[in-house]
Amino acid sequence: MAKNNSLLGVGGQRSTVSRSALRGGQAGGRGGADGDARERKQDLLRRLREKQEQRTDEGADKQA
């Protein structure tokens, strides 16, 4: 039977590499969005909640 030489190379396996390391970030570091992106997301969610509350209040006023 023929020896199996796969794409992984003879005598070893590929080591796992994180996505952040592939993008040039620090390996083993905390993943996810940076601080500014988290702040912008929280601000956007807060504004959306306020707008939704205003619409709910206006709808309640119209029904009363």
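Please read these numbers as outputs of a predicted model, since none were measured by experiment. Here, residue 1 is the first one in the sequence, and each next residue gets the next number.
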Q: So, taking the atom named CD in Gln52 and the one named CG in Asp57, what distance separates them when rounded to the nearest 0.5 Å?
A: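 Reported value, rounded in 0.5 Å steps: 10.0 Å.
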Q: Please determine whether a side-chain nitrogen of the Lys or Arg among Glu53 and Arg49 lies less than 4.0 Å from a carboxylate oxygen of the Asp or Glu.
A: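 Judged by the 4.0 Å cut-off on N to carboxylate O distance, Glu53 and Arg49 do not form a salt bridge.
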Q: In plain terms, say whether Arg47 and Asp43 are close enough for a salt bridge, that is, a side-chain N and a carboxylate O under 4.0 Å apart.
A: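 Yes, this pair counts.
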